[in-house]
Amino acid sequence: MLALLNDPNRPLFHRAVAGQYPPGSTFKLVTGAAALHEGIATRNTVITSRGAIFVPNEYDPRIVQRFPDWAALGPMNFIQGMAYSSDVYFYYLGGGFESFRGLGAELLARYARQFGFGARTGIDLPDEEEGLVPTESWKYELLGEPWVLGDTYNMAIGQGFVTATPLQVATATNAFANGGVLYRPLLAHALVDQDGRTVREFAPQVIRRLPLSDANWAVLREAMEAGYNISPLLRHLRIPGLRVAGKTGTAEFYGRRNERGELPTHGWYTGFAPVDKPEIAVTVFVELGSGTNEAAP
């Protein structure tokens, strides 16, 4: 037991309910849902990624900060932006850019909480953690610094200060699969006595119903399925005869940079199947991995 307790890999730490990690691009599902519902974007909203956006500092315009994409992906509609997981597309949706109006930090945080982030799910397990949905007041109280536009950009792609447990990501994914009902996850289905008689049943518990229209849920499911049809992130993982909707995430975190100067990453995958009549949702988190290469397979 001492060997397990002292193992630096922490095998007894319940990562699913107590691990708090940047959700990376899985959080783009929240940003996208909020943008559709608020009228910031539609299925046909085209945004062009030239590989990065360059944003003047709010306090000193002579300083220009670069916010990169993973590639220069060109013009994309909403379906393509989600399928290719374009950071630039979601910078626009979250924080806006030039003449494009984004959600802003307050709305983004509000929708994150609606999807269950920043609060315990209430699962019947001990030691569950809340994760973090950051706000302007939180940053100022903790760090003594004002919220800046870059914080909103980072949050929109699941980076920066936002953290989530794998269970929170899974619970949110269920809402995308079922059309907007956020359920409290339960392990126990029923309690039976020694003779097999049911003493107590544990019925599904609704936390809340999310306000998106059926049409917008359909767009989001289409965008998640498109990752398997048009994107190099998931196309090689298609399963013949099975329609799957999924989203990868490769989340940077502060640590030792590699020889290329890159921060270490965790890998995420979340999705459900079959798309037309979901039966199962799956969320995978891989420490020190990537979404496409480790979590999704």
Side-chain angles (χ1 to χ4, degrees), residues 14-38 40 82 85 87 90 93-95 102-123 125 127-139 142 147 151-185 205-212 216-217 220 224 246-253 266-272 281-285 291 295:
H14 201 323
R15 288 159 172 79
V17 300
Q20 300 173 91
Y21 311 98
S25 291
T26 62
F27 193 82
K28 291 173 182 173
L29 296 171
V30 174
T31 305
L36 290 174
H37 187 65
E38 292 293 326
I40 299 295
M82 185 73 78
S85 199
D87 288 343
F90 287 87
L93 297 189
L103 288 159
E106 184 178 340
L107 264 182
L108 194 54
R110 187 187 308 170
Y111 276 89
R113 287 190 290 268
Q114 284 289 302
F115 275 94
F117 293 92
R120 295 180 179 89
T121 67
I123 191 172
L125 285 173
D127 303 321
E128 184 179 16
E129 292 289 351
E130 294 183 343
L132 175 65
V133 175
T135 61
E136 296 182 32
S137 60
W138 169 87
K139 184 184 179 186
L142 187 72
W147 188 275
D151 294 326
T152 307
Y153 286 150
N154 284 327
M155 184 177 172
I157 64 167
Q159 294 282 177
F161 302 116
V162 61
T163 62
T165 68
L167 183 64
Q168 286 172 329
V169 174
T171 302
T173 301
N174 287 339
F176 285 88
N178 67 37
V181 183
L182 196 71
Y183 285 100
R184 177 166 290 108
Q205 300 175 27
V206 175
I207 299 174
R208 71 179 60 87
R209 298 180 187 275
L210 294 147
L212 278 72
N216 282 337
W217 287 119
L220 289 159
M224 293 177 73
K247 185 76 195 73
T248 60
T250 299
E252 293 181 339
F253 65 96
H266 297 313
W268 288 92
Y269 171 83
T270 197
F272 57 87
V282 175
T283 297
V284 179
F285 174 79

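A 4.5 Å side-chain heavy-atom check between Val17 and Asp127 finds every atom pair outside the cut-off. Put simply, the side chain of His14 reaches to within 4.5 Å of the side chain of Leu125, judged on heavy atoms. A heavy-atom distance below 4.5 Å is not found between the side chains of Leu132 and Gln20. Using a 4.5 Å heavy-atom threshold, the side chains of Gln114 and Val30 count as separate. Under the 4.5 Å side-chain criterion, counting only non-hydrogen atoms from C-beta, Trp268 is not in contact with Phe27.
Residues Thr171 and Thr121 bring no donor and acceptor atom of their side chains to less than 3.5 Å of each other. One side chain, Thr270 or Thr173, offers a donor N or O that lies under 3.5 Å from an acceptor on the other. For the residue pair Trp147 and Thr135, no side-chain donor N or O sits within less than 3.5 Å of a side-chain acceptor on the partner.
Between atom CG of residue Asp87 and atom CG of residue Asn154 there is a gap of 9.5 Å, rounded to the nearest 0.5 Å.
Under the ring pair (Phe, Tyr, Trp, His ring centres under 6.0 Å) criterion, Phe253 pairs with His266, not counting sequence neighbours. Taking the salt bridge (charged side-chain N to carboxylate O under 4.0 Å, His left out) definition, one finds that Glu38 meets it with nothing, sequence neighbours left out.
No more than 12 heavy-atom neighbours from other residues, nucleotides or ligands sit within 6.0 angstrom of CZ on Arg209.
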